[in-house]
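First comes the structure, then the notes that go with it.
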Amino acid sequence: MKLERRFGFSIRPRAPYNYALTVHKPAGWPLFTPFEIYDEGVFRTALHVSGTLLGLKLKNRGTTENPAFFVEVFMTGVPTPDQKKNIRETLSAKLGANQDVEAFYRMARKDSILKHAVRDLYGMHDTGTANIFAEATLAILLQMAPLNRSEQMWECVIENYGEVAEFDGRKVLVWPTPERIAAVAPGELQRKCKLGYRAKHLVGTATILGKGDFPTLEELTKMPPAESKRKVLELPGIGDYSADIIGPHPGFPIDAWSADVFATLFWRKKPVRSRDVIDKVKKAGITRWGEHCWMAFLYVAHDLEGLSRKLGLNLRLH
DNA sequence: GCGTCCAGGTCTACC
DNA sequence: GGTAGACCTGGACGC
């Protein structure tokens, strides 16, 4: 879909805010889609906001202590003033512009693990996700597979069923909508993208989300965290781990990979079987970091190299 | 080459 | 309520 430049605006986030670390995180996790492009500080990505496909071009114009960046918005139709306001507010929230990291930093500076990570990644903010279905798809395709195989699966799903945002001389592929996947037979996804048993979970989740009566990300945000998580757990193929990474109230999402990392950090010993220590690691992390456990997870996950060096450990980088 | 094992979880049946 | 066992598939590994 060809998108035209319609308007631009500046965002002045709450300092400290490191633009590069926030929009293009060190571990390589995508912001809104695996196909986004980060090229010498210019970041091009795409996502749906209120059902409209947007192409985005972001350029840094500030520093960590005096942060500012410019957003150019590409879309098909001409936006109304209300649409523009909604897009500005939605992007500002998703890019973590208003997030206050000071309380987390105060706690982290006294913690023997996090003190290194907050120094290494000073100014990195948490960011929102494109939408619930994109995150649910990612979570389902990460299950029971090595990372490279998960990548093959989601690239195939996006290439075959996603949309292409064509703007500013570039093409960015975005996750398919739930309506699109709900119309596909699980058998087709198994054959075409080798999703295996995950295909029926993906179509099941798409069917529920595509009906339109499931709470939106904004509605889930307003719910108490426990209620929001209960709701997300109703989606087929979404269990405790996946619910922790796709909901708007992230928890401490421990899977086999992160169990390995955090067990090594907490007890200086790599577990024999990662899966066996998931519950223990999760409890230890929540006890240690409490309300900040998600930010702690984020900072550790993106600073494995720095922490390995400073603590003399071998934290697996995938 | 070929067989076996298992991976960044979840669901179900069974106790 | 707690817990084995099944689940698709493909890459790694041993032989």
So what does A:P253 touch, heavy atoms closer than 4.0 Å: a base, only the sugar-phosphate, or nothing? nothing

Provide, to the nearest angstrom, the distance between the CG atom belonging to A:L202 and the P atom belonging to C:dC8. 15 Å

Give A:D260 one of three labels, base, sugar-phosphate or nothing, depending on what nucleic acid heavy atoms sit under 4.0 Å from its own. nothing

Is there a side-chain contact between A:L56 and A:F167, using heavy atoms and a 4.5 Å cut-off? no

Could you tell me how far apart A:E135 (CD) and B:dG9 (P) are, to the nearest whole angstrom? 16 Å

Using whole Å, what does the distance between atom C1' of nucleotide B:dG9 and atom CD1 of A:I245 come to? 11 Å

Would you say a side-chain N or O of A:R275 is under 4.0 Å from OP1 or OP2 of B:dG9? yes

Checking A:I245 now: which residues fulfil side chain to side chain contact (heavy atoms under 4.5 Å, CB included) with it, not counting sequence neighbours? A:A139, A:Y241, A:P253

With rounding to the closest Å, how many angstrom separate the P atoms on C:dC8 and B:dA13? 14 Å

In whole Å, I'd like the distance from the CD1 atom of A:I140 to the P atom of B:dG9. 13 Å

On DNA chain B, does the nearest nucleotide to A:S150 precede the nearest nucleotide to A:I238 from the 5' side, or the other way round? Give the residue. A:S150

Any N or O donor-acceptor pair linking the side chain of A:R149 to the base of C:dC8 at under 3.5 Å? yes

Using only side-chain N and O atoms of A:K200, determine if any of them is under 4.0 Å from OP1 or OP2 of C:dC7. no

Can we call the ring centroids of A:F297 and A:F262 under 6.0 Å apart? yes

Considering only heavy side-chain atoms of A:Q152, the closest of C:dG11, C:dT9, B:dG9 is C:dG11

Using whole Å, what does the distance between atom C1' of nucleotide B:dG9 and atom CE of A:M144 come to? 7 Å

Could you give the CG-to-P distance, from A:L142 to C:dG10, as a whole number of Å? 17 Å

Do the numbers put A:K84 on top of the ring of A:F7, so that NZ or CZ is under 6.0 Å from the six-membered ring centre and no more than 45° off the axis? yes

Taking the minimum atom-to-atom distance to the side chain of A:Y241, which one of C:dC8, B:dT10, B:dA7 wins? B:dT10

I'd like to know whether the aromatic ring centres of A:W154 and A:Y161 sit less than 6.0 Å apart in this structure. no

To the nearest angstrom, how far is A:L189 atom CG from C:dT9 atom P? 12 Å

Choosing from C:dT9, B:dG9, B:dC11, which nucleotide comes nearest the side chain of A:H201? B:dC11

Just to be sure I follow the notation: if a pair is Watson-Crick (purine N1 to pyrimidine N3 plus N6-O4 or O6-N4) or a G-U wobble (N1-O2 and O6-N3), each under 3.5 Å, what dot-bracket string does DNA chain B give, with | for pairs to another strand? |||||||.|||||||

The test is side chain to side chain contact (heavy atoms under 4.5 Å, CB included); show your working for A:L58 and A:V42 and say whether it passes. CA-CA 6 Å; A:L58 276 61; A:V42 178; over 6 Å; no

For the residue pair A:R61 and A:F69, would you count it as a cation-pi contact if the rule is NZ or CZ under 6.0 angstrom from the ring centre and within 45 degrees of the ring axis? no

Listed partners of A:H292 passing side chain to side chain contact (heavy atoms under 4.5 Å, CB included), at least two apart: A:A103, A:F104, A:M107

Send over the distance from A:Q143 CD to C:dA6 C1', rounded to a whole Å. 14 Å

